[in-house]
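Both backbone and side-chain heavy atoms feed into the values below; hydrogens, waters and symmetry mates do not. The chain is numbered in sequence order, starting from 1. Everything quoted here is computed from the prediction, not taken from an experiment.
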Amino acid sequence: TKISFETLNYEAVLPNYADETFIKVCLDKKSLAFFREHLDVVEEPGARILVWRAFYDMVRDAKVSSEDFLKLVERFIPKESAFTLLNYVLSFASTSLSAYTPKKFRSRLAHGLYTAVYKLLTKSSHFSLEDQVTLKGKLISFAKEESDLLEMKRWLEGENQELNEF
């Protein structure tokens, strides 16, 4: 259902803000542009997941490229404080990478995700042991570039001090 509204100078609109119903959230151009630049200012985790889901749905619907989505993930996950949301976003990223990204670009884009997750693991101390195990699994799944695979090998051999701390 299309709904018209009269609001001057709005920055963004997030339909279904409190996730009260089952709808597919479609962002208008202005809201899309705002959330691309300022997703980190959305304070409520439930609202952030609605935005992330909208972006992911747009990838599935071929309205946003998987590369654009994965670059957003790289940029915003280091700022994410809610682990459950972070896990969902990384799952969206994994599916976007494997199902909606041309094969010739997967390795390069996976490297960006690998780097972001690596930084999360090594620069943040607020994750529980269970969260760390989950993030390690994501890190391994994003290791596609030769340099990332060599880093994984160093970790398994006990030579990576940053990852050995976990």
Side-chain angles (χ1 to χ4, degrees), residues 12 14-16 19 22-27 29 31-153 155 160 162-163 166:
L14 181 58
N16 198 25
D19 201 17
F22 295 100
I23 65 168
K24 181 176 181 178
V25 173
C26 298
L27 300 172
K29 289 180 183 180
S31 298
L32 185 64
F34 175 83
F35 289 127
R36 274 188 169 136
E37 297 303 317
H38 305 288
L39 183 56
D40 54 336
V41 302
V42 178
E43 293 179 13
E44 211 276 315
R48 284 196 310 277
I49 194 62
L50 287 173
V51 174
W52 279 114
R53 183 64 200 215
F55 277 123
Y56 175 68
D57 285 344
M58 292 176 83
V59 170
R60 284 189 353 203
D61 296 342
K63 293 181 180 179
V64 169
S65 75
S66 59
E67 182 170 6
D68 287 348
F69 175 72
L70 296 172
K71 296 282 185 189
L72 284 174
V73 173
E74 282 179 50
R75 193 166 94 227
F76 286 112
I77 64 167
K79 302 172 185 178
E80 185 52 60
S81 59
F83 183 77
T84 301
L85 192 151
L86 177 64
N87 194 28
Y88 277 120
V89 171
L90 290 173
S91 293
F92 294 157
S94 182
T95 302
S96 181
L97 184 67
S98 65
Y100 303 111
T101 301
K103 194 172 185 175
K104 65 182 180 179
F105 301 123
R106 287 183 192 160
S107 180
R108 175 179 54 84
L109 293 170
H111 175 70
L113 295 169
Y114 174 91
T115 301
V117 173
Y118 189 96
K119 287 177 184 174
L120 273 173
L121 270 169
T122 58
K123 305 289 187 242
S124 180
S125 60
H126 74 276
F127 296 117
S128 70
L129 184 57
E130 183 179 333
D131 295 347
Q132 291 173 20
V133 169
T134 300
L135 285 173
K136 284 180 183 179
K138 299 290 186 189
L139 182 70
I140 292 167
S141 75
F142 294 137
K144 308 283 185 218
E145 291 269 313
E146 186 175 345
S147 61
D148 302 336
L149 294 169
L150 289 172
E151 194 67 46
M152 292 287 93
K153 182 178 181 270
W155 178 28
N160 181 315
E162 288 182 312
L163 291 176
F166 302 108

Whether Ser94 side chain and Leu90 backbone form a donor-acceptor pair below 3.5 Å: no

Using modelled atom types only, decide if a donor and an acceptor are shared between the side chain of Asp61 and the backbone of Lys63 within a distance under 3.5 Å. no

Minimal non-hydrogen separation, Pro78 against Leu120, with atom names: CA-CD2, 4.0 Å

Can you sort out the partners of Val133 under side chain to side chain contact (heavy atoms under 4.5 Å, CB included), two or more places apart, ordered by chain and number? none

Could you tell me how the ring of His38 sits relative to the ring of Phe34: parallel (under 30°), tilted (30 to 60°) or perpendicular (over 60°)? tilted

Of all residues at least two apart in sequence or in a different chain, which pass the side chain to side chain contact (heavy atoms under 4.5 Å, CB included) check with Asn87? Phe83, Ser91, Thr134, Lys138

Side-chain donor-acceptor pair present, Tyr118, Glu162, cut-off under 3.5 Å: yes

Measuring from atom CD of Glu146 to atom NZ of Lys153, what distance do you get when rounded to the nearest 0.5 angstrom? 11.0 Å

Closest non-hydrogen atom pair between Val42 and Ala47, with its separation: CG1-CB, 3.6 Å

Roughly how far, to the nearest 0.5 Å, is CG of Leu135 from CZ of Phe127? 5.0 Å

Side-chain contact test, heavy atoms from C-beta onward, threshold under 4.5 Å: evaluate it for Glu151 versus Asn160 and give yes or no. yes

Value for CZ (Phe55) from CG (Leu70), rounded to nearest 0.5 Å, stands at 12.5 Å

So which heavy atom on Ala116 is nearest to which on Ile77, and how close? CB-CD1, 3.8 Å

Working to the nearest 0.5 Å, report the span between CZ of Phe142 and CZ of Arg106. 13.0 Å

Any donor-acceptor N/O pair, Glu145 side chain to Asp148 backbone, under 3.5 Å: no

Output, in order, the C-alpha distance, side-chain angles, deciding distance and verdict of side chain to side chain contact (heavy atoms under 4.5 Å, CB included) for Met152 and Ile140. CA-CA 7 Å; Met152 292 287 93; Ile140 292 167; 3.7 Å; yes

Please answer whether the main-chain N or O of Thr101 pairs with a side-chain N or O of Ser96 as donor and acceptor at a distance below 3.5 Å. no

Test your reading of the model: is there a side-chain donor-acceptor pair from Arg48 to the backbone of Leu39, 3.5 Å cut-off? no

Using every non-hydrogen atom in the two residues, find where Ala110 and Lys144 come nearest and quote the distance to one decimal. CB-CG, 3.4 Å

Under 4.5 Å between any side-chain heavy atoms of Asp57 and Val64, yes or no? no

CG (Leu50) and CD (Glu44) are apart, to the nearest 0.5 Å, by 8.5 Å

Between Lys136 and Val117, is any pair of side-chain heavy atoms under 4.5 Å apart? no

Are Leu109 and Lys71 side-chain neighbours, meaning at least one heavy-atom pair lies under 4.5 Å? yes

Looking at Ser66 and Leu97, would you say the former's side chain and the latter's main chain have a donor-acceptor pair under 3.5 Å? no

Which value, rounded to the nearest 0.5 Å, describes the distance between Leu72 atom CG and Arg75 atom CZ? 5.5 Å

Taking the side chain as every heavy atom from C-beta outward, state whether Phe69 and Tyr100 have any pair of such atoms under 4.5 Å apart. no

Note: Glu67 and Arg108 closest approach over all heavy atoms is OE2-NH1, 3.1 Å

Please identify each residue that fulfils ring pair (Phe, Tyr, Trp, His ring centres under 6.0 Å) with Tyr56, with sequence neighbours left out. Phe92

